[in-house]
Amino acid sequence: MVAVLVSLRFRSLWNSLRRSPWQMVGAAFGAFYGLGMLGLLFVGFVLLSIAPLEFARPTVVGAGSVLLLGWLIGPLVTVGTDQTLDPIKLSPFPISRDTLFIALTASGVLGIPGIVTTVAALGSAIIWWRHPLALIVSIVCAAIAVLTCITASRAFTTASAGVSSGRRFRELSGVLLFIPLILLGPIIIAVTEGARSIADLLPAIASVLSWTPLGAAWAVPGDVAAGEWGAAAARFAMALATLAVCLVLWRRGLDRMLSSPLRSSASAQSHTGLGLFNVVPDSRMGAVMARSLTYWMRDPRYARQMLVVPLIVALMLFYGMLGAGGMGMVTFGVIFAAFMISTSLYADIAFDGTAFALHMASGVRGVADRTGRAFAVASFGVPLMVVITVVVAAVRGDFAGVPSLLGVVLNITLAGFGAASITSVLLVFPVPKPGDSPFKSQPGAGLPSTVAMLGTFGATAVLSIPTFALGISYIVTGSSLIGWIGLAVGVIVGCAAFAGGMAIGGRIYNARAPELLATLRK
């Protein structure tokens, strides 16, 4: 039974890859990337094997502690991803709890993260090849460390299930996780600089970690290699005790999950008034605008798109202050942010899903649909870009350049709304469902989403050529007149492109609405 349950994990993975050739290609690239990273890791192991023990020991303990910490935090930030062997889904079947406990633990070891962790942990034995006894001990400790990672992760997940199972928690964690991902470069630089400043303290920190459950198992081989038998025995006992505690907590959490499954804690709420529908114009376009604004305010899938805009500017400001391209990087960040906010509409119908039938059933015409969605984003997107442009000008100390830059930004933003209003009715593709993890892959989404985004970007760039030319002329000549002309041209061209996109997109919508709904139902 354990073998059958574990095989279901691999069969589910294989079936998901077979659904789309592009997903198979993406998985192949991911596998090559993972193998490359493992290769670099093994090169690091070889280098550590010839390094002094005083350097190798704290390095191994620090890396092992971070690994275990990652296994504890990982399930919380990636909640919502597919879990083939879900205990709740398996509970109706006649499977003993002992069998299910072993199967779930084995599936954790044999999953992709577990396999990578196991290979890396066992590969770390290379570090101790000059000390045969430490080499043997390191293999045993690596097995203990891997099992500790798996069981600790499972125990922590079941203990926090009451919180992490809530939809709001999944949505909030998905949004907040994008912040460190986008700012990964500055974070790495800050951590590197911080590590350099406290380099002398790192051995002491590793020494402390070696006496904690995080690093005890990883410190034992180093103790054996150094001949510190008492410390090795004490830390080995601590590693075994940590694994035993994790096993007990994981088993109790599984028993509690099967005996008292989580129930929905949602409660009815009363609302008065029509909300945003009281604010927008009393028309079909206004109704679509109010509905879209409600989604932008309450659906994290939309919020993740908007969160990128200020973070990109902050990222370019950081690199500009470091001297990488100077303040020109900040200007580039503002322009790129305008592209991102203007193309946020290209997946709008895809996010609707089958709720798109509401627009068809209510007889909304294409122009009203396109205009309502575009005005919803423009109502906060355009003021946001104006504020960002002025703030960047204040940082640069170049208020004279505000008209020129603002002309480019407004041209891109408005023209992008028009272009996205066309591409969103030409191509719909699978998107994460409400409450899904942002890292959950959608079969068949890769190629069409890329084509839709590149098409929107390309059309927006072509429509912005006049203001780009005027912006370059302002940079060369420094003429304030050219800057104001660029602002006027940007607004005029942007509004014309916006109106054209609404008209063209509306006609395509009227012709393809039934086809779009049929595609969304699939």
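- In terms of modelled atom types and a separation under 3.5 Å, the side chain of Arg512 and the main chain of Val425 share a donor-acceptor contact.
- Between Ile335 and Phe332, the closest side-chain pair of non-hydrogen atoms is not below 4.5 Å.
- Taking the six-membered ring for Trp, Phe339 and Phe457 have ring centres closer than 6.0 Å.
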Donor-acceptor contacts under 3.5 Å from residues 371-391 side chains, at least two apart:
residue	atom	partner	partner atom	Å
Thr371	OG1	Val367	O	2.6
Arg373	NE	Asp369	OD1	3.0
Arg373	NE	Asp369	OD2	3.2
Arg373	NH1	Asp348	OD2	3.0
Arg373	NH1	Asp352	OD2	3.1
Arg373	NH2	Asp352	OD2	2.6
Arg373	NH2	Asp369	OD2	3.4
Ser379	OG	Ala376	O	2.6
Thr389	OG1	Met385	O	2.7

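- At least one donor-acceptor pair closer than 3.5 Å links the side chain of Ser362 to the backbone N or O of His359.
- Taking the side chain to side chain contact (heavy atoms under 4.5 Å, CB included) definition, one finds that Ile115 meets it with Val119, sequence neighbours left out.
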Sequence neighbours excluded and cut-off under 3.5 Å, please list the side-chain donor-acceptor pairs for residues 411-422, or say none.
residue	atom	partner	partner atom	Å
Asn411	ND2	Thr467	OG1	2.7
Thr413	OG1	Val409	O	2.7
Ser421	OG	Phe417	O	2.7

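- Here Arg365 pairs with nothing under the salt bridge (Lys or Arg N to Asp or Glu O under 4.0 Å) rule; sequence neighbours left out.
- Of the N and O atoms on the side chains of Trp71 and Thr117, at least one donor lies less than 3.5 Å from an acceptor on the other residue.
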Would you tabulate the side-chain donor-acceptor contacts of residues 491-510 under 3.5 Å, counting partners in other chains and residues two or more places apart, or write 'none'?
residue	atom	partner	partner atom	Å
Asn510	OD1	Gly366	N	2.8
Asn510	ND2	Gly506	O	3.3

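- Here the CZ-OG distance, from Arg154 to Ser107, works out to 4.5 Å after rounding to the nearest 0.5 Å.
- The side chain to side chain contact (heavy atoms under 4.5 Å, CB included) search around Ser479 returns Thr477, Leu481, Ile482, not counting sequence neighbours.
- At a threshold of 4.5 Å between non-hydrogen side-chain atoms, the residues Leu358 and Val364 do not count as touching.
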